[in-house]
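We're numbering straight along the sequence, starting at 1. Only heavy atoms go into these numbers, but all of them, side chains included; no hydrogens, no water, no symmetry mates.
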Amino acid sequence: MPRPSTTAGTATTLDATKQAVHDRIHAHRTELLTLSRRIHAHPETAFEEHRAAAWCVQLLRTHGYSVTAPAHGLATAFSASLGSGPVTVALVCEYDALPDLGHACGHNLIAAAGVGAALGLAAHADRLGLTVRVIGAPAEERGAGKALLLEAGAFDGVDAAMMVHPCPVEVADFRSFALGTLSVRYTGRAAHPSLNPHEGRNAADALTVAQVALGLLRQQLPSQWRVHGITTAAGTAPNLIPDHASAEYEIRTSAAEDLAHLRARVEDCFRAGALATGCEVELSRPEPDYLDMRSDPALLAYWRTNAAALGRPEPVERGPFACTDMGNVSHAVPSIHPVLDITGGACAPHEAAFAVAAVGAEAERAVLDGAVAMAWTAADLAGAVLAGAGRAAADG
């Protein structure tokens with residue numbers, strides 16, 4: 001992706017436009033923070049985000065966006081567009097919540113920041129050479145909504161995609177694990193544990209054998225690989241040999257290319273449980289794999305400059321520490337996924353305290369800063385592409 005190259009005159013024009021974008025976003029402050037608080041107050045889990053999506057759509061339509069909702073085969077997805085410039089930028093909104101924890105991952109902020117960037121660019125898209133696309137992406141926490149949207153064509157024709165995420169630390173070059181999920185179902189044979197135990201096939205024992213095998217496997221895995229899960233069923237009474245047991249597991253690797261190898265080894269552990277106990281096992285993938293996040297260097301450079309201009313904290317470098325289906329988008333489209341500090345390390349996502357922080361003062365600052373920095377990054381990209389096209393035409 002090209003880096004900016006402008007004359008002094010065009011740079012001055014871009015700076016003036018970026019200031020106007022900033023002012024427009026701050027003029028919408030009340031609407032954006034109200035959107036964030038409404039989504040936070042009405043948490044909806046994966047694929048159930050009907051109100052959150054509708055509130056985003058309503059605000060975008062009010063400010064001139066053409067919206068398709070639902071979109072791309074998902075009831076709680078939407079696609080909004082404005083402008084007709086040659087550079088298409090996708091602003092990605094997440095808005096799903098966590099079961100029992102509500103917005104303890106702060107997706108209310110992600111949605112409001114994405115909508116905010118869109119509103120800031122609305123009056124300037126054509127002048128900047130932008131087509132702005134806002135993609136409402138459900139089911140990040142569970143379901144890999146963006147992987148489904150990518151497959152359905154939601155990101156076709158996009159030159160760059162971006163979103164921001166709240167965090168307990170400021171990181172520009174966010175890196176994530178690749179993640180795969182696995183559902184395990186054992187079927188055995190029920191029997192009375194004292195009258196006829198020899199006729200039983202203990203499905204819970206099959207799962208125990210598998211878990212022992214996994215515990216031993218972990219000793220031989222690379223340090224950045226993870227295997228973890230829960231038992232969801234393993235019998236209903238102690239006086240009955242259970243004929244069914246089930247579990248849900250996740251596997252994580254540093255790079256998407258390693259997922260298949262780890263999955264094969266983990267699946268063999270579950271097959272070993274079936275073999276040892278005479279049970280049958282069914283292994284399935286409940287959702288698409290989440291790929292590791294790979295930030296585009298040029299977009300990242302624009303972001304760093306813009307975030308610094310807004311007075312954001314100095315970003316730190318961190319290895320992978322989470323997973324996101326934005327990683328799937330980054331494998332197909334130049335993308336960034338910066339994370340913005342809203343707690344100063346006091347608490348982290350998926351903790352109850354983080355849900356409280358997601359409507360605090362630092363969270364509201366992150367909405368506005370995230371919106372402005374994304375909009376400015378989109379403007380910088382368009383300016384660089386158009387300047388490059390102008391030089392090529394002159395040289396030709």
Side-chain angles (χ1 to χ4, degrees), residues 13-40 52 55-65 67 80-83 85 87 89-95 106-136 160-166 170 172 299 302-313 336-342 358-383:
T13 300
L14 181 58
D15 287 344
T17 303
K18 289 171 71 173
Q19 183 61 51
V21 167
H22 170 280
D23 294 346
R24 176 63 67 96
I25 289 170
H26 279 262
H28 293 301
R29 173 190 175 93
T30 299
E31 292 170 284
L32 296 173
L33 298 185
T34 298
L35 173 65
S36 174
R37 293 168 190 150
R38 290 180 79 184
I39 294 173
H40 186 277
W55 291 330
C56 292
V57 164
Q58 180 183 24
L59 197 50
L60 289 164
R61 280 184 172 145
T62 297
H63 294 284
Y65 277 80
V67 183
S81 63
L82 183 148
V87 180
V89 171
L91 304 167
V92 181
C93 296
E94 295 175 7
Y95 31 69
H107 290 189
N108 56 302
L109 308 178
I110 301 172
V115 171
L119 299 192
L121 290 168
H124 308 284
D126 287 329
R127 184 184 312 117
L128 289 167
L130 282 169
T131 297
V132 182
R133 189 181 304 179
V134 188
I135 296 176
M162 61 189 75
M163 59 171 284
V164 295
H165 199 298
E170 193 93 1
L299 289 174
Y302 300 139
W303 170 271
R304 289 182 185 276
T305 299
N306 290 322
L310 290 169
R312 294 298 308 172
I336 54 171
H337 181 291
V339 298
L340 306 179
D341 183 5
I342 68 167
V359 285
E362 286 302 310
E364 295 188 341
R365 178 191 171 193
V367 167
L368 299 174
D369 285 352
V372 172
M374 283 194 291
W376 282 359
T377 298
D380 288 333
L381 170 65

[X] versus [Y], closest heavy-atom pair with distance:
X      : Y      : value
Leu60  : Ala118 : CD2-CB, 3.8 Å
Cys93  : Val134 : SG-CG1, 3.8 Å
Val132 : Ala125 : CG2-CB, 4.1 Å
Gly136 : Tyr95  : C-OH, 3.1 Å
Arg61  : Val67  : NH2-O, 3.3 Å
Ala111 : Ile39  : CB-CD1, 3.8 Å

Could you list the donor-acceptor pairs under 3.5 angstrom formed by side chains in residues 367-376, with sequence neighbours left out?
| residue | atom | partner | partner atom | Å |
| --- | --- | --- | --- | --- |
| Asp369 | OD2 | Arg312 | NH1 | 3.0 |
| Asp369 | OD2 | Arg365 | NE | 2.9 |
| Trp376 | NE1 | Lys18 | O | 2.7 |

task = For the pair Leu128 and Leu14, evaluate side chain to side chain contact (heavy atoms under 4.5 Å, CB included) and give the outcome as yes or no after the intermediate values.
result = CA-CA 8 Å; Leu128 289 167; Leu14 181 58; 3.7 Å; yes

Check: [Y] and [X] side chains under 4.5 Å, non-hydrogen atoms:
X      : Y      : result
Val359 : Asn108 : yes
Leu59  : Leu32  : yes
Pro166 : Ile110 : yes
Met162 : Leu91  : yes
Leu130 : Leu381 : no
Leu121 : Val21  : yes
His63  : Val115 : no

Please identify each residue that fulfils side-chain contact (heavy atoms from CB on, under 4.5 Å) with [X], with sequence neighbours left out.
X      : answer
Ala90  : Ile135, Phe155, Val158, Ala161
Thr34  : Thr30, Arg38
Ala172 : Leu300, Trp303, Arg304, Pro315
Arg24  : His28, Ala123

ask   = What pairs with Gln19 under side chain to side chain donor-acceptor pair (under 3.5 Å), at least two apart in sequence or on another chain?
value =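 Counting only residues at least two positions away or on another chain, Gln19 forms a side chain to side chain donor-acceptor pair (under 3.5 Å) with Asp23.
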
message = Using 0.5 Å steps for rounding, measure from the CG atom of Leu109 to the CG atom of Leu33.
response = 9.5 Å

query = When rounded to the nearest 0.5 angstrom, what is the spacing between OG1 in Thr377 and CD1 in Ile336?
reply =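 Reported to 0.5 Å precision, the distance equals 5.0 Å.
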
task = Give a yes or no on whether the backbone of Val87 and the side-chain of Thr131 come within a donor-acceptor separation of less than 3.5 Å.
result = no

inquiry  = Could you go through His165 and His107, starting from their C-alpha distance and side-chain angles, then the distance that decides it, and tell me whether this counts as ring-ring contact (aromatic ring centres under 6.0 Å, His included)?
reply    = CA-CA 7 Å; His165 199 298; His107 290 189; 5.4 Å; yes

